[in-house]
Amino acid sequence: MPSQPTTPPDDLLPTAVLFDMDGTLVDTEPYWVEAEIELVRSHGGTWSEADSLAMVGTGLEDAAAVFQRAGVDLGIREIVEHLLGRVVARTRERTVRRDGARELVAALRERGVPLALVTSSEAPLAEVVVEAFGGPGTFDVVVTGDLGHPAKPAPDPYLLGAARLAERTGRPLGTAGMVAVEDSRTGIASATAAGIFTVGVPNMVPLHDAGADAVLPTLAGLGPEDLGRLVAGVRA
């Protein structure tokens, strides 16, 4: 008798979830766009929202080199610190969480799923966002762009996140059962190159052809088991 297809059990969970930050958990992208336009134009260059959107997900030092070519007469670290300071200040004033993000993080914590934050932004902004999601300890691991590894789209940020999750939890976690959640094409390239099942949730750029394993319109209403079923459905 042929075997019948099975439905994943309700308690099927991913082994870990690794979240991008800007544009995925919090809607900081408008703050970055505002700061970038102001910076370039203050140095006599031309910059538009479309120019900023083309760089969503880019590492800060890589982006700074682009701003230099656009006419910003500052060093790489000066540019990074200027932009980061502006965005940190705006995020402190008003942190806009993406729909469903806080609820999904809380549900994953409640179910004991290890969590990582994997961002191209640097520690000062990550600290503000972590506080908005419950404070230190909400994420088991935080990987920021100022740790010295190659930036997204290289796989290194997600490989580092996965390795640190394994160390932190004491579990032999493999990337095959993990889920990465991203809003940028650059981030999707990084996570998929690391061998992690990647869910794209578009914010300011379209992701239908970005190579994600799944693309969802929103995190609202998404639960831990939903992520587990997505992984099982592709890797079964």
Side-chain angles (χ1 to χ4, degrees), residues 19-72 74-105 117-136 138-139 142-147 151-153 157 181-188 190 200-207 210 217-220:
F19 287 98
D20 172 56
M21 188 177 76
D22 294 285
T24 298
L25 291 180
V26 288
D27 195 13
T28 51
E29 296 297 356
Y31 300 157
W32 286 108
V33 171
E34 177 185 85
E36 290 163 5
I37 290 174
E38 179 186 55
L39 175 66
V40 176
R41 291 182 181 176
S42 71
H43 283 257
T46 57
W47 198 259
S48 67
E49 180 176 338
D51 294 321
S52 287
L53 293 183
M55 297 206 310
V56 169
T58 302
L60 291 182
E61 293 195 353
D62 292 338
V66 177
F67 297 132
Q68 285 181 328
R69 293 194 291 273
V72 177
L74 295 172
I76 293 292
R77 287 308 306 175
E78 289 178 293
I79 292 172
V80 169
E81 288 163 14
H82 174 86
L83 293 174
L84 188 63
R86 291 299 183 94
V87 176
V88 166
R90 296 282 277 125
T91 306
R92 281 204 179 107
E93 289 172 6
R94 183 168 183 258
T95 303
V96 181
R97 302 176 191 86
R98 291 208 64 194
D99 290 345
R102 189 174 190 178
E103 293 81 0
L104 178 57
V105 168
L117 189 65
V118 181
T119 176
S120 295
S121 289
E122 298 190 354
L125 182 55
E127 290 166 5
V128 175
V129 173
V130 167
E131 193 62 37
F133 276 79
T138 300
F139 298 91
V142 177
V143 175
T144 54
D146 48 353
L147 298 181
K152 301 174 185 179
V181 185
E182 272 282 356
D183 78 304
S184 75
R185 304 172 75 88
T186 301
I188 287 170
S190 174
V201 184
N203 184 8
M204 297 186 76
V205 296
L207 300 179
T218 179
L219 295 177

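As the structure is a prediction and not an experimental result, all values here were calculated from the model. All residue numbers refer to positions in the sequence shown, counting from 1.
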Please report the shortest heavy-atom distance between Val80 and Ala64, naming the atom on each side. CG2-CB, 4.1 Å
Say you draw a straight line from CZ of Arg94 to OH of Tyr31; how long is it, rounded to the nearest 0.5 Å? 5.5 Å
Non-hydrogen atoms of Ala151 and Asp62 that approach each other most closely: CB-OD2, 4.0 Å
Residues Lys152, Asp20: salt bridge by 4.0 Å N-O rule: yes
Distance in Å, Glu182 CD paired with Met21 CE, rounded so as to fall on 0.5 Å steps: 11.5 Å
Are more than 12 heavy atoms from other residues, nucleotides or ligands located less than 6.0 Å from atom CG of Asp99? no
Qualifying residues under side-chain hydrogen bond (donor to acceptor under 3.5 Å, both in side chains), relative to Asp22, sequence neighbours excluded: Thr28, Trp32, Ser121
Phe139 vs Leu25, test: side-chain contact (heavy atoms from CB on, under 4.5 Å). Steps then yes/no. CA-CA 12 Å; Phe139 298 91; Leu25 291 180; 3.7 Å; yes
Would you confirm whether Gln68, through its side chain, and Leu74, through its main-chain N or O, come within 3.5 Å as a donor-acceptor pair? yes
For Val130 and Val142 the tightest heavy-atom approach is CG2-CG2, 4.3 Å
Identify, with sequence neighbours excluded, every residue that meets side-chain hydrogen bond (donor to acceptor under 3.5 Å, both in side chains) alongside Ser52. Glu36, Trp47
Go through the structure and list residues passing side-chain hydrogen bond (donor to acceptor under 3.5 Å, both in side chains) with Glu34, not counting sequence neighbours. Arg90
In Å and rounded to the nearest 0.5 Å, what is the CZ to OG1 distance from Arg86 to Thr91? 13.0 Å
Distance col, row Arg97:CZ vs Arg102:CZ, nearest 0.5 angstrom, shows 4.0 Å
Between Arg98 and Ala220, is there a donor-acceptor pair closer than 3.5 Å when you use the side chain of the first and the backbone of the second? no
Just how far is it from atom CD of Glu131 to atom CZ of Arg92, taken to the nearest 0.5 Å? 10.0 Å
Kindly compute the distance separating OG1 (Thr144) from CD (Glu127), expressed to the nearest 0.5 Å. 8.5 Å
What one should report as the nearest heavy-atom pair of Ala210 and Ile188 is O-CG2, 3.4 Å
Heavy-atom donor-acceptor pair, Thr138 side chain to Phe133 backbone, under 3.5 Å: yes
Heavy-atom closest pair, residues Leu125 and Val87: CD2-CG1, 3.9 Å
Could you tell me whether the side chain of Thr186 and the main chain of Thr58 form a donor-acceptor pair under 3.5 Å? no
Pair Leu60-Leu83, side-chain contact (heavy atoms from CB on, under 4.5 Å): steps then yes or no: CA-CA 9 Å; Leu60 291 182; Leu83 293 174; 5.8 Å; no
Quick one: closest heavy-atom pair of Ala63 and Met55, and the distance? CB-CE, 3.9 Å
